[in-house]
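Okay, so here's the structure we're looking at.
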Amino acid sequence: MYKVDLPVDQSIKKDVERRRSAETARKARIFNTRLRVMGLDLDALNQQVQEKKHKQSMERQRDKAFDKLRECHDEILLQQDIDEREKRAALHTDLTQYWATHQRVEDSRDADLKCGLKGAFRITIPEGELGPASMQIFEGEAIREEQMRREQMRKTERDLQAQKEDNARRHMGNKHREMLVSRELVHQDLRGVQQAALEEECKTAARIALDNYNQALAAERAERLKEQQRREEREDLAEVWHTLTSDMMTECAEAAEREVGGGKPPQILTDRWKGMSPEQLSAIHEEREAQLLQRQRQHDAEKIQDAAWNLQLLKLSREAEEEETRAAELKRQRRIQMDQYNMQLAREQQAYQEYLDKKLYTNKPTKEYFHQFNTSSR
């Protein structure tokens, strides 16, 4: 058997190392109590920020690449368009040159008819072998050809002369119409000037009439204001005289009373009342003294009633204090009984705990027992 050195697959080893390092980082992040309980995972947040920045940079590079590709495509399309136009221009030039070289009118079969037998295609076949379809000029066609050409030239001259005369008449008609239009415009301008002058005269007359009307209105208003001022002065003087001679200024007591009839007392007019008479004042004083005496008697009765209520309240408060004393004594006895019962329960619980610690649970767990937990992040 020969020993063969096979190459080691480095990808599997790298994958295992990567998983081990990821597991170590995960354990450090999960079992770190400070980061898990007291704050944020700053390393993970920073890693996320870096990943986001890397993603944004990759997107920007991709956009730049797309922009460059788009510009390249645009340039290619523009170049293709330019090439297509150049090809079309070259093809048109070649086609025109081909027409001018190989498809001239002089080289056609009808050149003798179109160009007056100049450069016509000569038939090399004998005339005896040609049929009726090869005939170009028939008998009798060229007899009046020169006369017909002359008639046609004279007709053309007459048509040209008629066209010139028609153009001249049309030109004269246009000039005549333009002259009529200019004359009509001049008349319209004159009428506009006259109408503007008439309107200005009308405006001037209307302005003069309006000024006269305004002056008349101003004079009438001034006269009306003077008359109103004189009337107000007379009314003010009459009011002052009436005030000076009225019962208010003379202080007449009878002016404040008005008889209503039916055995009722006279009605007092508040706007004219000057005060009470001595008889009214004495009646008011007597009524006030009677009210004070009545109030003193009510005050004495209230004092007697308050004393009786205070005695009753004192009796009720003493009874309440005695009831509270009895309730406190009963509560103290219940508290003593509760304390004795709690002490008995404490002694029983202590005895039971000693039984658990010394007799039942004698095999205590070691550190190795606790270290077997939380050894993996999964």
Side-chain angles (χ1 to χ4, degrees), residues 70-71 73-121 136-138 140-225:
R70 192 182 302 109
E71 291 177 359
H73 288 172
D74 292 340
E75 291 177 358
I76 292 172
L77 290 175
L78 290 174
Q79 188 64 33
Q80 288 180 357
D81 191 11
I82 293 172
D83 295 341
E84 184 69 22
R85 291 181 181 178
E86 291 179 355
K87 288 180 181 180
R88 289 182 180 180
L91 182 61
H92 182 70
T93 303
D94 295 341
L95 185 62
T96 304
Q97 187 176 0
Y98 178 79
W99 288 343
T101 304
H102 300 285
Q103 293 184 357
R104 296 185 304 172
V105 179
E106 293 82 358
D107 297 337
S108 64
R109 297 179 62 86
D110 299 334
D112 54 348
L113 299 177
K114 296 180 180 179
C115 302
L117 300 178
K118 294 180 181 180
F121 181 75
Q136 295 181 355
I137 300 175
F138 296 93
E141 287 185 353
I143 297 176
R144 300 181 61 186
E145 182 178 359
E146 187 66 24
Q147 185 179 358
M148 291 175 63
R149 187 179 297 110
R150 291 176 183 175
E151 290 292 335
Q152 188 175 5
M153 291 176 63
R154 284 195 293 271
K155 183 178 180 182
T156 303
E157 290 178 358
R158 288 196 299 271
D159 293 340
L160 290 175
Q161 187 65 27
Q163 290 179 1
K164 289 181 180 180
E165 292 176 358
D166 190 11
N167 292 332
R169 286 194 299 271
R170 191 181 299 109
H171 184 64
M172 292 298 294
N174 292 332
K175 282 187 176 181
H176 184 66
R177 280 195 298 274
E178 290 178 358
M179 183 180 64
L180 293 177
V181 170
S182 301
R183 188 178 299 173
E184 182 65 24
L185 291 175
V186 171
H187 288 317
Q188 289 180 0
D189 293 338
L190 290 175
R191 286 196 298 270
V193 171
Q194 294 176 359
Q195 187 174 2
L198 292 175
E199 289 180 356
E200 188 65 26
E201 291 178 359
C202 293
K203 289 180 180 179
T204 303
R207 193 180 303 111
I208 294 172
L210 183 61
D211 292 339
N212 295 332
Y213 179 71
N214 291 333
Q215 291 178 1
L217 288 178
E220 183 180 356
R221 183 177 181 183
E223 185 65 25
R224 189 165 56 252
L225 289 175

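If you read the sequence from its start, that first residue is 1, and numbering goes on from there. Note that these values count all heavy atoms, side chains included, but never hydrogens, waters or copies made by symmetry. Keep in mind that what you see is a predicted model, and the values were worked out from it rather than measured.
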From [atom1] ([X]) to [atom2] ([Y]), nearest 0.5 Å:
{"X": "Asn167", "Y": "Lys164", "atom1": "CG", "atom2": "NZ", "value": "10.0 Å"}
{"X": "Asn174", "Y": "Met179", "atom1": "CG", "atom2": "CE", "value": "12.5 Å"}
{"X": "Glu157", "Y": "Met153", "atom1": "CD", "atom2": "CE", "value": "6.0 Å"}
{"X": "Asp189", "Y": "Glu184", "atom1": "CG", "atom2": "CD", "value": "10.0 Å"}
{"X": "Ile82", "Y": "Leu77", "atom1": "CD1", "atom2": "CG", "value": "11.0 Å"}
{"X": "Asp166", "Y": "Gln163", "atom1": "CG", "atom2": "CD", "value": "8.0 Å"}

Side-chain contact test, heavy atoms from C-beta onward, threshold under 4.5 Å: evaluate it for Met172 versus His176 and give yes or no.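 A side-chain contact under 4.5 Å is absent here.
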Take Thr204 and Arg207, measure what side chain to side chain contact (heavy atoms under 4.5 Å, CB included) needs, and give me the verdict at the end. CA-CA 5 Å; Thr204 303; Arg207 193 180 303 111; 4.0 Å; yes
Show the atom names and distances, to 0.1 Å, of all donor-acceptor pairs under 3.5 Å that link a side chain in residues 209-218 to residues at least two apart or in another chain.
| unit_1 | atom_1 | unit_2 | atom_2 | d |
| --- | --- | --- | --- | --- |
| Asn212 | ND2 | Ile208 | O | 3.2 |
| Asn214 | ND2 | Leu210 | O | 3.1 |

Go through Glu84 and Arg88 one step at a time and tell me if the salt bridge (charged side-chain N to carboxylate O under 4.0 Å, His left out) criterion holds. CA-CA 6 Å; Glu84 184 69 22; Arg88 289 182 180 180; 3.6 Å; yes
Tell me if the [atom1] atom of [X] is crowded by more than 12 foreign heavy atoms within 6.0 Å.
{"X": "Glu199", "atom1": "CD", "answer": "yes"}
{"X": "Gln152", "atom1": "CD", "answer": "no"}
{"X": "Arg183", "atom1": "CZ", "answer": "no"}

Determine whether Asp81 and Arg85 satisfy the following criterion, salt bridge (charged side-chain N to carboxylate O under 4.0 Å, His left out), listing intermediate values before the conclusion. CA-CA 6 Å; Asp81 191 11; Arg85 291 181 181 178; 3.6 Å; yes
Quick test of your reading of the model: are [X] and [Y] salt-bridged, counting only N-O distances below 4.0 Å?
{"X": "Lys155", "Y": "Asp159", "answer": "no"}
{"X": "Lys87", "Y": "Asp83", "answer": "no"}
{"X": "Glu151", "Y": "Arg154", "answer": "yes"}
{"X": "Glu165", "Y": "Arg170", "answer": "no"}

